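All values below were derived from every heavy atom in this structure, side-chain atoms included, with hydrogens, water molecules and symmetry-related copies excluded. Just so it is clear, the structure is predicted and the values come from calculations on it, not from any experiment. Counting convention: from 1, in listed order, for ligands and their atoms alike.
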Amino acid sequence: MSSSKGAITMKQAIFDLLPPASVAGILVLWAVVPPWFVDQPWSLVVVTCASLAFVQLLEFIHERHPGWRINRQEILTDVFYVVLGSTVIQWLTTKLAEDPLTALKHSLGIATPWVAHLPYLVQVSFVILLFEFGQYWMHRLMHNQAFFWSTHAPHHHLTQLNAMKGYVGNPLELFLISLGVIALFDFQPVAVFAAFSVTGIVSIFAHANVRADPPRWYSFIFTTIRHHSLHHTALSYEDTRCNYGCSIILFDRIFGTYRDGESEIVGQDERVRLSIRQQFLFPLRPLLAMIHAKRQTAAPHSG
Ligand SMILES: [Zn+2]
Ligand SMILES: [Zn+2]
């Protein structure tokens with residue numbers, strides 16, 4: 001009896017260490033991979049997919065809530081958004097944001113060669129903080145302005161959390177949240193990839209149905225499922241206006257939006273699960289309602 005209890009405690013202790021161990025593992029991985037791997041256009045996608053597969057697997061070994069258990073419909077939707085994010089959204093971000101920003105940087109003669117000479121971990125930390133700072137304010141804006149909220153609301157209509165759920169949302173929101181100013185700096189590509197892999201795995205764990213509660217030092221800096229499930233709470237819209245940091249909860253602590261706790265019941269309004277079509281059309285709802293109302297008044301009454 002006591003040995004099985006000991007095994008449970010041991011299992012929990014191991015799971016609690018998995019988020020920080022994964023962050024450390026990713027930092028080491030990018031530090032030791034050969035340059036040819038870094039040069040591949042698919043290298044970051046491969047690491048992201050491996051991270052997703054790893055955490056999704058953990059959901060089957062030690063789930064957090066039975067009510068969040070993944071099913072066929074959820075996994076198909078999630079995979080659709082992972083593919084959308086790493087193809088169309090990534091392409092749009094490159095073409096509409098990063099390339100113009102790089103061109104602007106060159107035309108203005110901005111150069112930061114010193115950045116590439118900083119130690120690897122300093123560069124990675126710099127990229128993470130710079131990018132997450134932007135994400136924090138973009139996310140906060142989305143919870144404070146009606147149109148931006150309409151793009152972000154589909155993500156909050158999720159009725160359960162799983163490893164890939166961070167990728168699920170209206171395409172416009174996915175594009176907006178991917179914007180950053182990293183292209184203005186001359187970081188080494190390996191540091192940028194390591195940074196995005198770190199924020200990736202943190203955000204994956206922060207959405208996953210895994211019973212892992214990392215140590216205090218980790219949850220002081222990084223967002224955990226406790227913080228982020230509270231951000232997804234079904235309690236009320238007002239209650240979601242906290243813990244905006246997608247990967248770095250430290251910004252919420254600094255800017256006064258941090259709240260402790262967690263939520264098992266997640267979702268918006270009536271907790272209705274949206275289809276992909278509904279998620280895509282969500283920001284257009286006022287417009288569609290107007291068109292519908294016009295048609296109703298224009299249509300002849302049929303008795
Ligand atoms: Zn939100
Ligand atoms: Zn989320």
Side-chain angles (χ1 to χ4, degrees), residues 19 48 51-52 55-56 59 64-65 67-68 70 74-75 77-82 84-85 89 131-179 196 199-210 212 219 222-249 251-253 255-259 261-269 271-274 276 279 282-283:
T48 304
S51 303
L52 284 167
V55 181
Q56 187 62 65
E59 290 197 6
R64 192 169 194 89
H65 303 299
W68 293 1
I70 196 103
E74 292 291 336
I75 209 158
T77 307
D78 294 359
V79 168
F80 168 81
Y81 277 104
V82 170
L84 183 80
I89 305 291
F131 187 72
E132 284 294 310
F133 181 77
Q135 280 223 323
Y136 170 86
W137 287 104
M138 178 61 83
H139 191 184
R140 198 167 157 172
L141 172 70
M142 286 172 171
H143 280 259
N144 284 281
Q145 201 280 333
F147 175 73
F148 281 90
W149 169 248
S150 76
T151 72
H152 182 50
H155 181 67
H156 278 269
H157 274 270
L158 295 170
T159 51
Q160 64 179 82
L161 296 178
N162 300 102
M164 287 180 266
K165 288 289 194 282
Y167 291 80
V168 179
N170 177 269
L172 186 54
E173 182 227 351
L174 302 177
F175 171 74
L176 290 172
I177 211 83
S178 74
L179 299 176
F196 283 116
T199 56
I201 192 91
V202 172
S203 166
I204 292 166
F205 269 114
H207 279 97
N209 184 19
V210 178
S219 59
F222 298 107
T223 308
T224 67
I225 182 69
R226 277 173 53 79
H227 308 135
H228 201 66
S229 65
L230 190 64
H231 179 75
H232 274 268
T233 187
L235 216 55
S236 76
Y237 167 70
E238 210 47 52
D239 283 289
T240 66
R241 299 172 80 185
C242 64
N243 301 351
Y244 296 116
C246 300
S247 304
I248 304 292
I249 200 73
F251 288 126
D252 288 278
R253 297 184 190 278
F255 297 116
T257 47
Y258 175 75
R259 257 185 70 194
E262 72 173 294
S263 186
E264 182 182 346
I265 311 297
V266 296
Q268 276 294 301
D269 307 330
R271 295 191 68 235
V272 178
R273 184 189 187 277
L274 300 183
I276 293 175
Q279 286 163 338
F282 201 90

From CA spacing to verdict: side chain to side chain donor-acceptor pair (under 3.5 Å), His232, Ser229: CA-CA 5 Å; His232 274 268; Ser229 65; over 6 Å; no
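- Tyr237 places a side-chain N or O within 3.5 Å of a backbone atom of His143 that can act as its donor or acceptor partner.
- At least one N, O or S atom of His228, from either the backbone or the side chain, sits less than 2.8 Å from the Zn ion (ligand 2).
- With the Zn ion (ligand 2) as the vertex, NE2 of His207 and NE2 of His155 span 100° to the nearest 10°.
- For His156 atom NE2 and His231 atom NE2, the angle they make at the Zn ion (ligand 1) is roughly 90°, to 10 degrees.
- For the Zn ion (ligand 2), the N/O/S atoms of His232 include one lying under 2.8 Å.
- Within His152, the N/O/S atom positioned nearest the Zn ion (ligand 1) carries the name NE2.
- Residues Arg271 and Val266 share a closest heavy-atom pair of NE-O, 2.8 Å.
- With the Zn ion (ligand 1) as the vertex, NE2 (His139) and NE2 (His143) define an angle of 100°, rounded to 10°.
- Tested against His155 for a side chain to side chain donor-acceptor pair (under 3.5 Å), the candidates Lys165, His139, His207 yield a single pass: His207.
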Steps toward side chain to side chain contact (heavy atoms under 4.5 Å, CB included) verdict (Trp149, His156): CA-CA 10 Å; Trp149 169 248; His156 278 269; 3.8 Å; yes
